[in-house]
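To start, the structure itself, in structure tokens.
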Amino acid sequence: MPALPFTNTPITNTPVTSTPVSSTPNERPLAELLPLPGSQEPLRGPTPAGTDWQRELANAVRDPDELCRLLALDPGLAVDARRAAGDFHLLVPRGFIARMRPGDPRDPLLLQVLPRPAERDQVAGFSADPLQEQQALAAPGLVHKYAGRVLLLTTGGCAINCRYCFRREFPYAESGASQAGIETALAAIAGDTSIHEVILSGGDPLLLDDVRLATLVARLESMPHIRRLRIHSRLPIVLPSRVTPALIEMLASTRLTCVVVVHANHPAELDSTVEAAISRLAEARVMLLNQAVLLAGVNDSVAVLRALSERLIDLQIVPYYLHLLDRVQGTAAFEVDDASGRSLHEQLRTVLPGYAVPRLAREVPGEPAKVWLG
Ligand code: SF4
């Protein structure tokens, strides 16, 4: 039986492991593919061994003082950030910082990652699990909300800590995204022939290294009723070096139809390094979609949303969803109300061709599908 590739790393931490290079995933013993002891701890200090993306991840900025120094920002912002962050600490790759405007505390990329005092406010209507995902757990680490498809929580780790994150409070360890839980989750998928699509989520599923990912995909391929693999990941945007030749080879060679949903919120995120990564993904002939979150101060204008869609289309990524914010505790400062969201979406329809207009959507617990507002 192939190894189980999950980690139970909480989203507040970043696993960085070296990539095994010998043998095929199916041949590797379980113990070799498990996360290395201590891998839950973000690496600091000297550059570790590993692939380029793992080194970049290990060297991501975690210190608010350093971020403010790099961007020539008021050091007082760092003091506020340290107080505001709580357990959901600052985490941002240097390549993403390079796309921010120095000296601008309102930079739309900076706002997505810099903890702000408002995160500590208790706001009515905002809670730890507004989507009630824990109630939708069909097995450990397996969310089954919609017909025909399931969401597999592969890891709690991410390469970036987005302040608006819908799973920033999600108790990964308690929800079974773990070595012990994965076999149960895979058995549940294998035993339910109504499931045709598996969505890898997290955290960020591309934080699994190529061998772990290939192992998981091989397990899914062995189930005849599984036809599609969907990967939701922000790594091609925030850490484009993660799009490795081995990843492309895996996506190109699987019998499963592959859909990769990237998460970009602002056109400034889509620089030449992202463009190169997206070109590599396009070579694997995967379907490329984007989902964005409508965020106050970041992309809540027609001009920005239009520029985002046009840039995505240039990169051959279909703008798929524009999500209204999930009302997670600590994220209220990012909320755009429904009426404003609808108005922006209406205006967007007048300046873009239909194929470039994302669906305006919200997830509502208990509904059989996402609710479309436009
Ligand atoms: S990449 Fe997605 S899952 Fe990870 S912190 Fe950002 S919003 Fe959350």
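Indexing begins at 1, ligand by ligand and atom by atom, following the structure's order.
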Please state whether Asp204 comes within less than 4.0 angstrom of ligand 1, counting heavy atoms only.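 Heavy atoms of Asp204 never come under 4.0 Å of ligand 1.
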Any idea which of Cys165, Gly157, Gly156, Cys162 brings a heavy atom closest to atom 8 (Fe) of ligand 1?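 Of the listed residues, Cys165 has the closest heavy atom.
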Out of all atoms in ligand 1, which are within 4.0 Å of some heavy atom of Arg234? Include the element for each.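 Under 4.0 Å from Arg234, ligand 1 has these atoms: 1 (S).
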Exercise answer: donor-acceptor pairs, residues 350-360 side-chain atoms, under 3.5 Å, sequence neighbours excluded:
{"unit_1": "Thr350", "atom_1": "OG1", "unit_2": "Gln347", "atom_2": "O", "d": "2.6"}

Classify the contact between Cys158 and ligand 1 as side chain, backbone, both or neither, using a heavy-atom distance cut-off of under 4.0 Å.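 The side chain, only.
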Validation: residues 185-193 side-chain donor-acceptor distances under 3.5 Å, sequence neighbours left out:
{"unit_1": "Asp192", "atom_1": "OD1", "unit_2": "Ser194", "atom_2": "N", "d": "2.9"}
{"unit_1": "Asp192", "atom_1": "OD1", "unit_2": "Ser194", "atom_2": "OG", "d": "2.6"}

Does one side chain, of Glu56 or Ser241, offer a donor that lies under 3.5 Å from an acceptor on the other?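 Checked: Glu56/Ser241 side chains pair up, N/O donor to acceptor below 3.5 Å.
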Please confirm whether the ring centroid of His196 lies under 6.0 Å from the ring centroid of His225.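 Judged by ring-centre distance (under 6.0 Å), His196 and His225 do not meet the cut-off.
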